[in-house]
Amino acid sequence: MALTFDDGPHPEWTPRILDALAARGAHATFFVIGERAVRHRALVQRLAAEGHAVGHHSWTHSQPSTTSARVLLEETRRTRLLLEEITGRPAPLFRPPHGTLSAAKLLGVWWQQNTVVLWNKDPRDFRLPDADALVGWMKAHPLESGDIMLLHDVHQHTADALKRILAVTKLRCNAIGVQ
Ligand SMILES: [Zn+2]
């Protein structure tokens, strides 16, 4: 199964999440926002250095409904290039903001040779009040092999819950597409 963390990197909570993953020998996939990555380059380097997959999630987290295909494709191009420059590795994984793409945008991101990664488990962690609520959701919806879970590394409660989430799953937690 794969844990994915969107919307970072965050200077406080991303390092806490990395520490929790390292303590369990677990790897994850981070879909970072370009304008945050450019401010926290060392964190992006740390993601790659510790064996996590680093994907892109647009430059500004632009709203799909008000963003043209041309603007989105410029954001994906710019963010992917930045990540490749920082990590020295190809960064083809792309998660669209809010998981939505029009047909024109989908064609464009394929044309740019990106791989679109969505998810099948979503606790909506950003709406939960605290770590207990997130751990409770995980217990009610146990992870299964092949699951791709959506989380966000920009919330303290997600960072707080991660150690406990990793403690209750017996599955291996792998980075997407990283050998
Ligand atoms: Zn997002």
Side-chain angles (χ1 to χ4, degrees), residues 1-18 20-21 27-41 43-44 46-48 52-84 86-87 91-102 104-106 108-110 112 114-131 133-134 137-138 141 143 147-162 165 173 175-178:
M1 69 81 180
L3 298 179
T4 64
F5 294 93
D6 288 12
D7 296 0
H10 186 284
E12 254 179 293
W13 313 127
T14 304
R16 286 263 307 277
I17 283 169
L18 287 171
L21 291 166
H27 293 102
T29 303
F30 291 79
F31 289 98
V32 306
I33 296 173
E35 64 182 7
R36 293 189 183 164
V38 79
R39 279 188 270 131
H40 304 291
R41 299 172 77 97
L43 256 178
V44 177
R46 184 178 165 194
L47 296 174
H52 305 292
V54 184
H56 54 104
H57 191 47
S58 82
W59 189 269
T60 64
H61 211 278
S62 45
Q63 276 296 325
S65 57
T66 55
T67 304
S68 68
R70 189 185 58 76
V71 168
L72 179 78
L73 293 171
E74 177 51 26
E75 290 201 25
T76 56
R77 190 192 64 80
R78 186 177 174 200
T79 310
R80 178 173 171 169
L81 279 177
L82 173 72
L83 298 183
E84 292 180 343
I86 295 175
T87 67
L93 303 182
F94 171 59
R95 174 165 285 162
H98 304 278
T100 7
L101 280 176
S102 65
K105 289 172 182 171
L106 182 60
V109 299
W110 279 347
Q112 292 177 332
N114 293 297
T115 301
V116 175
V117 179
L118 297 175
W119 60 85
N120 70 322
K121 281 247 160 86
D122 179 7
R124 302 175 80 74
D125 60 340
F126 54 92
R127 285 204 176 163
L128 296 175
D130 53 28
L134 181 50
W137 192 95
M138 296 301 301
H141 306 80
L143 285 166
D147 276 349
I148 300 180
M149 176 154 175
L150 171 61
L151 293 166
H152 296 82
D153 55 329
V154 292
H155 301 293
Q156 180 176 2
H157 62 266
T158 299
D160 288 342
L162 184 61
I165 291 172
C173 178
I176 294 169
V178 169

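First listed ligand is number 1; within each ligand, the first listed atom is number 1.
- The backbone N or O of M149 lies less than 3.5 Å from a partner atom in the side chain of T4, making a donor-acceptor pair.
- Looking only at atom types and distance, the side chain of D125 has no donor-acceptor partner in the side chain of H157 under 3.5 Å away.
- Using a cut-off of 2.8 Å, one finds that H152 contributes no N/O/S atom close to the Zn ion (ligand 1).
- Not a single N/O/S atom of D6, whether from backbone or side chain, sits less than 2.8 Å from the Zn ion (ligand 1).
- By the neighbour-count criterion of 12 heavy atoms within 6.0 Å, atom CZ of R39 is densely surrounded, having more than that number from other residues, nucleotides or ligands.
- When the Zn ion (ligand 1) is compared with the N/O/S atoms of D7, atom OD1 turns out nearest.
- For a distance bound of 2.8 Å, the N, O or S atoms of H98 include none lying that close to the Zn ion (ligand 1).
- Using a 4.0 Å cut-off between charged nitrogen and carboxylate oxygen, D153 and R16 do not count as a salt-bridge pair.
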